[in-house]
Amino acid sequence: MNNLIKDIDILTGEEAQAVDYKTTVEENTGKSKKIYIESYGCQMNFSDSEIVASIMKKNGYDTTSDFQQADVVFLNTCSIREKAEQTVRNRLNHFNAVKKHKPEMTIGVLGCMAERLKDKLLEEEKIVDVVVGPDAYRDLPNLVNGAEDGRKGVNTFLSREETYADIAPVRLNSNGVTAFISIMRGCDNMCSFCVVPFTRGRERSRDPHSIVAEAQDLFNRGYREVTLLGQNVDSYKWSPEENNKARLNKKEGEVTTVVNFANLLELVAKISPLLRVRFSTSHPKDITDEVLYTMKTYDNICKYIHLPVQSGNSRVLELMNRTYDREWYLNRVKAIREILGEECGISSDMIAGFCTETEEEHQDTLTMMDLVKYDFSYMFFYSERPGTLAAKKYEDDIPLEVKKRRLAEIIEKQNQLSLERNKLDIGKEQLILIEGTSKKSKEELKGRNSANKVVIVSAEGLKLGDYVTVKITDCSPATLFGEVLEINPALA
Ligand code: SAM
Ligand code: SF4
């Protein structure tokens with residue numbers, strides 16, 4: 001452990017007071033006006049909605065899960081694929097019908113679609129009153145007030161500094177056991193297919209004191225797992241002198257102490273052995289051996305890495321501007337297996353049918369999957385996004401039916417691999433954290449093992465938040481089934 005981590009430890013108490021996470025209110029407080037929020041897309045958006053709810057609560061709005069009761073409806077949107085935007089537009093049509101009976105209802109579009117389309121969204125969707133990008137949520141109360149007085153408003157200012165570090169998120173739809181903590185915002189990577197750098201702006205890291213304080217407060221309130229979120233968590237970097245990475249311009253010869261992602265992981269892991277730590281997403285070019293060794297050192301850092309490969313072919317990866325090739329990726333997987341062993345879960349994102357991808361190159365994705373043996377993948381066919389590097393430079397030349405067929409092959413391969421990987425767990429003893437009821441039966445609960453796999457067990461004698469040692473008895477491609485051996489074994 002380096003000195004900096006000790007310093008940060010000491011500072012944590014003071015900072016926790018300054019941030020005042022204890023003011024978080026989860027229930028409705030009976031205030032008059034109500035907001036209803038629907039979130040689309042990645043976990044980052046769900047996490048942002050919790051920040052939005054907090055900002056609105058401080059300004060006199062309660063949350064409601066029934067839009068019929070809402071004075072303000074927010075759709076927190078995603079632009080990553082065309083279909084995601086279409087889903088939001090369909091939803092706006094639905095709210096249009098509702099608004100006919102309740103004309104005073106304010107409708108806000110937040111997030112990536114707001115950022116991408118800006119005031120065009122007001123022109124195209126007459127129902128919308130406010131359009132607010134991911135870095136402008138502090139302005140929401142002001143814009144909603146304006147809308148209530150009949151003035152439509154747009155704020156899509158992208159910041160180099162905003163991390164909402166001082167805002168204690170209101171946990172929405174919480175199970176009281178697992179929570180997401182946003183540790184950074186934006187992305188500097190410029191993958192050619194991706195709209196995120198344009199909709200979420202430059203990468204910046206959040207003050208580690210506020211992250212540790214948020215995790216500590218969650219733990220004190222009974223939460224037992226936090227997931228540290230960012231588009232590229234391995235490039236997390238914060239220095240006490242410069243506050244965040246965006247302003248980290250060292251002069252020659254100047255020494256700046258930096259908290260990197262491995263340091264941050266350690267700080268959060270040290271809160272308690274009873275607090276599990278997960279993180280997402282890791283970019284293959286950035287994940288370091290230091291991170292892998294930190295994971296190995298702490299039992300409570302879960303042995304699971306989401307390491308999106310996107311394609312198994314080096315030429316396609318270059319066109320995608322992923323800045324690694326097939327060999328680099330396979331070497332990173334080798335390091336994971338050497339340091340963390342075969343049981344570490346690895347998952348991926350895949351894109352089928354990127355511009356100019358040949359059948360042989362598609363086969364490289366399938367063989368990559370065989371080599372890594374992913375436990376799980378998020379799989380998509382390429383959807384051209386306006387303004388991205390790929391849209392400007394390459395023709396979207398793979399016919400839709402070919403993209404769909406290649407995607408089906410990738411999905412079929414993943415199903416086989418998931419089953420194969422899950423079968424290896426049968427007969428093993430694993431520690432799971434109970435986080436909810438099984439979809440199929442109220443008599444069963446679901447937990448997750450360290451490798452992020454869902455395990456179903458009998459609910460008898462168990463409650464949410466329990467750690468349970470189970471013996472895995474059976475599996476499907478998506479789920480493990482276990483027999484309870486011990487409830488809340490000593491973990492310290
Ligand atoms: N930052 C993460 C990373 O680099 O892996 C991923 C962020 S993105 C929200 C999630 C996934 O959406 C990407 O990994 C990629 O597979 C997929 N995606 C992004 N743009 C896409 C596009 N234009 N068409 C299809 N899938 C896309
Ligand atoms: Fe998009 Fe690439 Fe950034 Fe991920 S790393 S958000 S895919 S630009």
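Atoms considered below: every heavy atom in the structure, side chains included; atoms not considered: hydrogens, waters and symmetry mates. Since this is a predicted model, take the numbers as computed values, not measurements.
Residues Tyr378 and Ser348 have side chains that never bring a donor and an acceptor to within less than 3.5 angstrom of each other. In this structure, a donor-acceptor pair under 3.5 Å is absent between the side chains of Glu266 and Thr294. Judged purely by distance below 3.5 Å, without hydrogens or angles, the side chains of Glu435 and Thr178 never pair a donor atom with an acceptor atom. Asp286 and Asn232 are linked by a side-chain donor-acceptor pair at a separation below 3.5 angstrom, with hydrogens and angles left out of the test. Side-chain atoms of Lys285 and Asn189 form a donor-acceptor pair, as typed in the model, at a separation below 3.5 Å. Between the side chains of Asn260 and Glu290, a donor-acceptor pair is found at a separation under 3.5 Å. Checked by atom type, the side-chain pair Ser39/Ser49 shows a donor-acceptor distance below 3.5 Å. For the 3.5 Å distance criterion, the side chains of Ser174 and Tyr223 qualify, holding a donor opposite an acceptor.
Counting heavy atoms from C-beta on, the side chains of Arg224 and Arg276 never come closer than 4.5 Å. Annotation: side chain of Phe219 is in contact with side chain of Gln216 (closest heavy-atom distance under 4.5 Å). When side chains are defined from C-beta on, Asp62 does not count as touching Lys33, because their heavy atoms never get closer than 4.5 Å. Residues Pro141 and Ile55 have side chains in contact (heavy-atom distance under 4.5 Å, counting atoms from C-beta outward). Looking at heavy atoms from C-beta onward, Val131 lies out of side-chain contact with Asp119 at the 4.5 angstrom threshold. The shortest side-chain heavy-atom distance between Thr365 and Ile351 does not fall under the 4.5 Å cut-off. When side chains are defined from C-beta on, Leu229 does not count as touching Ile181, because their heavy atoms never get closer than 4.5 Å. Between Ile287 and Leu292, the closest side-chain pair of non-hydrogen atoms falls below 4.5 Å.
In this structure, Asp166 pairs ionically with Arg138, as a charged nitrogen and a carboxylate oxygen lie closer than 4.0 Å. Salt-bridge formation is not detected for the pair Arg200/Glu115: no Lys NZ or Arg NE/NH1/NH2 atom is positioned less than 4.0 Å from an Asp or Glu carboxylate oxygen. With salt bridges taken as basic N to acidic carboxylate O contacts below 4.0 Å, none links Arg315 and Glu357. Under a 4.0 Å N-O distance rule, the pair Arg332/Asp289 qualifies as a salt bridge. Salt bridge Arg405/Glu401: absent, no basic N to carboxylate O contact under 4.0 Å. Salt bridge absent: Asp396 and Arg385 never bring a charged side-chain N and a carboxylate O closer than 4.0 Å. Between Asp188 and Arg204 there is no salt bridge, since none of the side-chain N atoms of the basic residue sits less than 4.0 Å from a carboxylate O of the acidic one. Taking a cutoff of 4.0 Å between a charged side-chain nitrogen and a carboxylate oxygen, Lys99 and Glu104 do not qualify as a salt bridge. Here Glu125 does not pair with Arg91 in a salt bridge; the nearest charged N to carboxylate O distance is not below 4.0 Å.
Remark: side-chain polar atoms of Lys152 are paired, donor with acceptor, to backbone N or O of Lys126 under 3.5 angstrom. In terms of modelled atom types and a separation under 3.5 Å, the side chain of Ser205 and the main chain of Lys237 share a donor-acceptor contact. Checking side-chain atoms of Lys303 against main-chain N and O of Ile301 turns up a donor-acceptor pair under 3.5 Å. At distances below 3.5 Å, at least one donor-acceptor pair connects side-chain atoms of Asp397 with backbone N or O atoms of Thr356. For the pair Gln86 (side chain) and Lys83 (backbone), a donor-acceptor distance under 3.5 Å is absent. Remark: side-chain polar atoms of Ser192 are paired, donor with acceptor, to backbone N or O of Leu319 under 3.5 angstrom.
Separating the SG atom in Cys191 from the CG atom in Leu389 is a distance of 9.5 Å, to the nearest 0.5 Å. To the nearest 0.5 angstrom, Thr77 atom OG1 is 11.5 Å from Glu38 atom CD. Arg81 contributes atom CZ, which lies 15.0 Å from atom CD of Glu384 (distance to the nearest 0.5 angstrom). One distance of note links CD1 of Ile37 with OH of Tyr61; it measures 12.5 Å at 0.5 Å rounding. Going from atom CG of Leu122 over to atom CG of Asp129 covers 8.5 Å, rounded to the nearest 0.5 Å. Atom CD of Glu203 is separated from atom CZ of Arg160 by 11.5 Å, given to the nearest 0.5 angstrom.
Heavy-atom contacts from other residues, nucleotides or ligands closer than 6.0 Å to CD of Gln43 number more than 12.
Summarising the geometry of Ala136 relative to Tyr164, their closest heavy-atom pair is N-OH, 3.4 Å, with the distance given to 0.1 Å. Across Asp375 and Ser418, no two heavy atoms sit closer than the pair O-OG, 2.9 Å. The nearest pair of heavy atoms linking Asn155 to Leu143 is CB-CD1, 3.8 Å. Contact record, Val233 with Leu228: CG1-O, 3.8 Å, taken as the closest heavy-atom pair. Here the closest heavy-atom approach between residue Ser182 and residue Met44 is recorded as OG-CE, 3.2 Å. Taking both residues in full, the closest heavy atoms of Arg322 and Pro308 are given as NH2-O, 3.0 Å, listed atom of the first, atom of the second, then distance.
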Full working for side-chain contact (heavy atoms from CB on, under 4.5 Å) between Gln310 and Met350: CA-CA 4 Å; Gln310 314 296 357; Met350 312 280 181; 6.0 Å; no
Run the numbers on Ser210 and Arg206 for side-chain hydrogen bond (donor to acceptor under 3.5 Å, both in side chains), then give the verdict. CA-CA 8 Å; Ser210 73; Arg206 176 180 165 190; 2.9 Å; yes
Do Glu82 and Ser383 pass the side-chain hydrogen bond (donor to acceptor under 3.5 Å, both in side chains) test, and can you show the C-alpha distance, the side-chain angles, and the key distance before you say yes or no? CA-CA 6 Å; Glu82 196 184 346; Ser383 161; 4.7 Å; no
Audit row: Ser159, Arg185, side-chain hydrogen bond (donor to acceptor under 3.5 Å, both in side chains) steps and yes/no: CA-CA 10 Å; Ser159 162; Arg185 301 184 70 81; over 6 Å; no
Full working for side-chain hydrogen bond (donor to acceptor under 3.5 Å, both in side chains) between Asp139 and Asn142: CA-CA 5 Å; Asp139 198 21; Asn142 171 40; 2.8 Å; yes
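Residue His283 is tested with Tyr324, Tyr236, Phe261, Trp328 for a ring-ring contact (aromatic ring centres under 6.0 Å, His included); the sole match is Tyr324.
Under the 6.0 Å cut-off for aromatic ring centres, His306 and Phe279 do not qualify, their centroids lying 6.0 Å or more apart. Aromatic pair Phe95/Phe67: ring centres closer than 6.0 Å.
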